[in-house]
Amino acid sequence: MARAPVLPAILCLAALALAGGADARKMVGVYELKRGDFSVKMTNWGATIMSILVPDSKGNLADVVLGMDTLAEYVNDTSYFGPLNGRVAQRMARGRFVLDGKVYHTYLNDGKNAIHGGKRGFSKVIWTVKEYAAGGDSPYITMYYRSFDGEQGFPGDLDVYATYQLTGPYELSIRTNATALNKATPVNFLQHVYLNLGGQGSGDILGHTLQLSASRYTPMDEELLPSSGRVDPVAGTSYDFRTPTPIGARIRQVMGGKVYGYDINYVIDGEGMRKVAVARDGKSGRALELWANQPAMQLYTGNFLNHTKGKGGKVYEQYGGFCLETQAYPDAVNHPEFPSVTVRPGQVYKHDMLLKFSF
């Protein structure tokens, strides 16, 4: 398996000039957090998780994150392999919203709609590394990004911090916060990591079992927007994962837009930091328990992977990975019946996640 370079090898990519502006002169690096045989590699390009190395029940290590070999490939990525998406992640109908009586238009990058913050959302910028401790009992990295007023059409300056830390044996904590400095603005982040607990490139994830702490979901239309504004019970539907169920058990009964597969938002039961999901691969014995403090979570089953070039010569086909994207309700800016995502000057948005791996 090909492995990405680790600091102190810091690379400056000519391809970053495509991003434009002063950011093109910044340095992009690959950073490793390591605790025993558990390791996470990241880059400050898009605050992207590049790999997570975890043993299986027999002690064999494998990378359970889908991705690419080189930083240049991440710069040109269109599948959102691993980054932190914002300022407003998920789809926004027609790329517009009204806030305090003013209409805002954002960059359209998903047909007639906006997705994941626009063409140059947080996944397509260089973050500043503020702190980095590679080893020890609790290695971590903190990254910072100043999103400027008018960026991709969003109002106000926004200070954003993201900290990734190995807080326990086989535990990755992700803590993000954002402060609105001078204007009210919508904010919704998500970490778009594709997982395959059998190891990246090992085949599909249809045999993984999944359990979600979610008794409701928001139905989506063909554009993958919650246009009806409904919140429906999962009981009696193919979206019911309240008990451990193979991901592939009913996948041919659901449509993620115009293809078979899950691309659906769940309303997570309860409030505060709580268990959201448990996924397990019976063959390797690896399992993941996900905790978060957000009201919702998007389940995506890699429906649009199609002979996609991956790491180490691997090729990803449909259902080659799944994403558990904790978040606010999608398109909440256009649905007053959904919980608000507006952050006003001086207020702080906080999004915390905890990934607990076992084997």
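Just so we're clear, the structure is a prediction, and the values are computed from it rather than from any experiment.
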Exercise for review: Over 60° means perpendicular and under 30° means parallel, so classify the ring planes of Phe304 and Tyr300, tilted if in between.
Suggested key: parallel

Review point. Going by distance alone, is a donor N or O of one side chain under 3.5 Å from an acceptor N or O of the other, for Gln200 and Tyr316?
Key: yes

**Study point:** Residues forming a salt bridge (Lys or Arg N to Asp or Glu O under 4.0 Å) with Arg242, sequence neighbours excluded
**Key:** Asp240

Review point. Can you name the residues that form a side-chain hydrogen bond (donor to acceptor under 3.5 Å, both in side chains) with Asp100, not counting sequence neighbours?
Key: Arg344

Revision key, fill the gap. For Gln253, the side-chain hydrogen bond (donor to acceptor under 3.5 Å, both in side chains) test, sequence neighbours excluded, returns Ser238

Practice item. Classify the angle between the aromatic ring planes of Tyr170 and Phe359 as parallel (below 30°), tilted (30 to 60°) or perpendicular (above 60°). Key: perpendicular

Practice item. Taking side-chain hydrogen bond (donor to acceptor under 3.5 Å, both in side chains) as the test, write out the residues that go with Glu222, two or more places apart. Key: none

Practice item. Look at the rings of Phe357 and Phe38 and say which category their plane angle falls in: under 30° parallel, 30 to 60° tilted, over 60° perpendicular. Key: tilted

Exercise for review: Not counting sequence neighbours, which residues clear side-chain hydrogen bond (donor to acceptor under 3.5 Å, both in side chains) with Asp352? List them please.
Suggested key: none

Review point. Are any non-hydrogen side-chain atoms of Gln165 and Glu171 less than 4.5 angstrom apart?
Key: no

Point to revise | Side-chain donor-acceptor pair present, Asp110, Asn113, cut-off under 3.5 Å | key: no

Point to revise | Where at least one partner belongs to residues 197-237, residue pairs that pass ring-ring contact (aromatic ring centres under 6.0 Å, His included), sequence neighbours excluded | key: His208-Phe322, Tyr217-Tyr239

